[in-house]
Amino acid sequence: MSHTLCLSARNPGLFLDWWEAHRERRDAAVHHFIWQVDQAPDWETLVQAITERFDTEGERLIRQLQPHWWGLIPGWHRLALEDERLILQLAIAPASDALSGATGGIRRIHLGSDFARTAELPDPGHLASALSGLSRHGSQLHCDCSQALPEVWSAAWAHAMRSKGWIALDEPHSYLYDPHWISKESQSGLSPSTAVVIGSGLSGAASAWSLARRGWQVTVLDAGPAPAAGASGLPVGLVVPHTSADDTRISQVSRAGVRCMLHRADALLEHGQQWSGGGVLEHCVDGESKLARAWTAADRPKALQPASEWAHPASPAEVAEAKLPEGTTAVRHPCAAWIKPPALVHALLRQPGIHFQGNSRVVSLKRSDAGRWQALDDSGTVLAEADIVVVAAAFQSSALLQQLASATGQSSAPDSSFGIAFKPLRGQIAWGWQDEVIDQAALPPRPVNGKGSMAAHIPYAIGAREGYMWITGSTFNRGDTDPGPREKDMGEILAKLQILHPKAAAALTPAFAEGRAHAWAGVRTTLPDRLPVVGPLAVASLEGIYLCSGMGARGLALAMLCGEQLAAQVHDEPWPVERKLGQMLSAGRWLARSQQESRKQA
């Protein structure tokens, strides 16, 4: 494990040192560099530094980095390099915020030369505690700014470091973390071994991919005969970042997920056939834009200018291009895309180290005499056995949690276990062949969303028939577990389309009336706060049980991020999002809330 935290260093030298040291590695580990800066590094300066350092090889590195260099507004940005073996985490935030937002076991910490010039130096004791919380036995810290620090502060800092288990090294201003009161084993992540993932939808496939990339041997079990047999079998879906006037934490998580998804799709799928990143226009059907107010303010700071690369008010020309009525309030999402989820699931499961096993419905989990987890079918036959299990079975995750709660004597409510109340969310879409539409010019050239969605001009094939499809929907039937298509829902889909895109609705009405609009339906699962559960179940008797489920209608935006979040927790790596956002996804958050409620009632 080689993870680095660099605070207050505008010069990219340390980042390039790290990249140079690790770019030739061929191990299964993933290495992280958390680079805290007050504002996004200047691209031209970075290019010059790379060119000077690497000469002709620098061109390859620049080509790797440039596609990521967009939308770098204040916050955390995960930039995946070297086939996702090296991860640059840009923390565009004050040093204190970056320190509190960092996670995982950090092996090297650098306090850059700009640290002494921060507006207000942190309390030495608080700083030493924060750094110790991120460190593991053998972690090293180097301070490049010691000579510029006040003598009184430096003395208090040296004392605080000693008290927290840091040993001063012979190299000036350098320390080694070696606390005698903390065991080395207590803070280490798991070593790659065997894993079972239950469910082969987007969540399960993403989890399996992220684990296999780190050296795990993963068996993916699914009740269906082939991957993506459930809600992830949606023919085409949209990945669009969530926006809100106050730029809520959900919006921030959504952006992190979209960035991760776009990179993964670009790496694994065929552009133009299996996905397309041409952007999406959001029709604000209620007449009010949901863009963050700070993004469009007349006096917005320079740091927020890249926000337009995430989303911006649609111009009259963009509205007209989308075939929407003049004067329509809309938002343009340049970073959005359409994706074929089944193609992505299959691509993820082709990762070496993953074995798919269909027709394998898991109804219970138990430990073997050797302490490994076994997945059993309804006859008690062991389908697979592994050191850890990831439950990613959509709404069927609820039944597995009920079984685990019963088997371990945990109290549970009828509709929830461990405080987690999964709810089914049925969705139906309509689709058809575009060559059967008389007025094809009425269909938007790029996807439109806002009240459901509408996409056209998408390559599609079923059996021997090939062509282009249109697709629209979906319905949202909460509490409904029936995956079968319903003719009566087609009217609701058309009614939504008439609000979202009147011209397309008029052009497609004959297809609905004449039975040329085909239906597809699936059941997703969601939670009351509409965020997934990711990570260890956090129950003492159930070590090795992890969750990655509850994506709801945001699977395309969040699944790849959640797979990385889960793998990071397994391996004690830095999370792909800052701490406060990762905690919102924690699988244990509902158990904690349930326990709090129980104490209040007692």
Side-chain angles (χ1 to χ4, degrees), residues 199-206 227-242 254-255 257-266 268-283 333 335-348 392 394 425-432 444 446-462 468-477 483 485 489 493 496-497 500-501 504 518-526 530 532 549-563:
S200 68
L202 284 167
S203 301
S232 294
L234 176 70
V236 177
L238 302 185
V239 51
V240 186
H242 179 274
S254 171
R255 287 199 297 275
V258 166
R259 186 184 285 277
C260 190
M261 171 59 86
L262 294 180
H263 175 81
R264 193 70 56 78
D266 187 49
L268 299 181
L269 301 181
E270 182 182 356
H271 193 273
Q273 292 294 319
Q274 298 173 321
W275 84 291
S276 177
V280 169
L281 194 80
E282 178 184 354
H283 177 188
H333 298 276
C335 56
W338 63 256
I339 294 178
K340 296 180 179 179
L344 179 58
V345 166
H346 281 82
L348 290 164
L425 177 63
R426 180 185 178 277
Q428 181 168 314
I429 57 92
W431 72 274
R446 294 184 181 86
V448 175
N449 76 334
K451 188 176 181 65
S453 63
M454 169 70 215
H457 315 287
I458 297 172
Y460 199 59
I462 293 183
Y468 291 88
M469 73 180 302
W470 57 264
I471 185 168
T472 187
S474 111
T475 60
F476 287 83
N477 305 120
D489 286 0
I493 293 171
K496 275 189 171 185
L497 182 59
L500 175 68
H501 202 287
H518 307 279
W520 180 95
V523 179
R524 299 156 292 191
T525 186
T526 187
R530 300 186 182 182
S549 191
M551 305 289 158
R554 297 191 179 121
L556 279 171
L558 297 179
M560 302 305 109
L561 176 76
C562 290

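Nearest approach of P444 to A456, heavy atoms of both residues: O-CB, 4.1 Å. Closest approach of P532 to L558, counting heavy atoms only: CD-CD1, 3.8 Å. The minimum heavy-atom distance between P227 and S200, with the atom names listed, is CA-OG, 3.2 Å. The two residues A392 and S549 make their nearest non-hydrogen contact at CA-CB, 4.4 Å.
Using modelled atom types, no side-chain atom of K340 and backbone atom of L269 make a donor-acceptor pair closer than 3.5 Å. In this structure a side-chain-to-backbone donor-acceptor pair under 3.5 Å is present from S232 to L202. Under a 3.5 Å cut-off, the side chain of H501 and the backbone N or O of A504 do form a donor-acceptor pair. Looking at S254, its side chain does come within 3.5 Å of a backbone N or O of H242 through a donor-acceptor pair. The backbone N or O of R530 lies less than 3.5 Å from a partner atom in the side chain of R554, making a donor-acceptor pair. Side-chain N or O atoms of S453 include none that pairs as donor or acceptor with a backbone N or O of V448 at under 3.5 Å. Without hydrogens or angle criteria, T525 side chain to G550 main chain gives no donor-acceptor distance under 3.5 Å. Between the R446 side chain and the G278 main chain, a donor and an acceptor come within less than 3.5 Å of each other. For H271 (side chain) and G277 (main-chain N/O), a donor-acceptor pair under 3.5 Å exists by modelled atom type.
Taking OG of S276 as the start and CD of E270 as the end, the distance is 11.5 Å to the nearest 0.5 Å. If you take CG on D266 and CE on M261, they are separated by 12.5 Å, rounding to the nearest 0.5 Å. Put simply, CE on M454 and CD1 on I493 are 12.0 Å apart, with the number rounded to the nearest 0.5 Å. Note that OG1 of T526 and CG of L425 are 6.0 Å apart. Values are rounded to the nearest 0.5 Å. Rounded to the nearest 0.5 angstrom, I471 CD1 and H518 NE2 are separated by 11.5 Å.
Only one option out of W431, W338, Y468 pairs with Y460 in a ring-ring contact (aromatic ring centres under 6.0 Å, His included); it is W431.
Taking the side chain as every heavy atom from C-beta outward, R524 and M551 never approach each other to under 4.5 Å. You'll find the side chain of R259 stays beyond 4.5 Å of the side chain of L561, heavy atoms only. Side-chain contact between P241 and C335 is present, with heavy atoms from C-beta onward closer than 4.5 Å. Residues P485 and W520 form no side-chain contact, since every pair of their non-hydrogen atoms from C-beta on lies 4.5 Å or further apart. In this structure, the side chains of L234 and I429 come closer than 4.5 Å at one or more pairs of heavy atoms. In this structure the side chain of V236 reaches within 4.5 angstrom of the side chain of M469, judged on heavy atoms.
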Determine, step by step, whether L268 and L348 satisfy the side chain to side chain contact (heavy atoms under 4.5 Å, CB included) criterion, reporting the C-alpha distance in whole Å, the side-chain angles of both residues, the deciding distance to 0.1 Å, and the verdict. CA-CA 8 Å; L268 299 181; L348 290 164; 3.6 Å; yes
Start with the C-alpha distance between N449 and H283, add both sets of side-chain angles, then the distance that settles side chain to side chain contact (heavy atoms under 4.5 Å, CB included), and finish with yes or no. CA-CA 6 Å; N449 76 334; H283 177 188; over 6 Å; no
Side chain to side chain contact (heavy atoms under 4.5 Å, CB included) between I339 and Q274, worked out: CA-CA 6 Å; I339 294 178; Q274 298 173 321; over 6 Å; no
Walk me through whether L262 and W275 qualify under side chain to side chain contact (heavy atoms under 4.5 Å, CB included). CA-CA 9 Å; L262 294 180; W275 84 291; 4.0 Å; yes
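Salt-bridge formation is not detected for the pair D489/K496: no Lys NZ or Arg NE/NH1/NH2 atom is positioned less than 4.0 Å from an Asp or Glu carboxylate oxygen.
Annotation: salt bridge (charged side-chain N to carboxylate O under 4.0 Å, His left out) contacts of R255 (sequence neighbours excluded): D247. Remark: H346 pairs with no residue by the ring-ring contact (aromatic ring centres under 6.0 Å, His included) rule, at least two apart or across chains.
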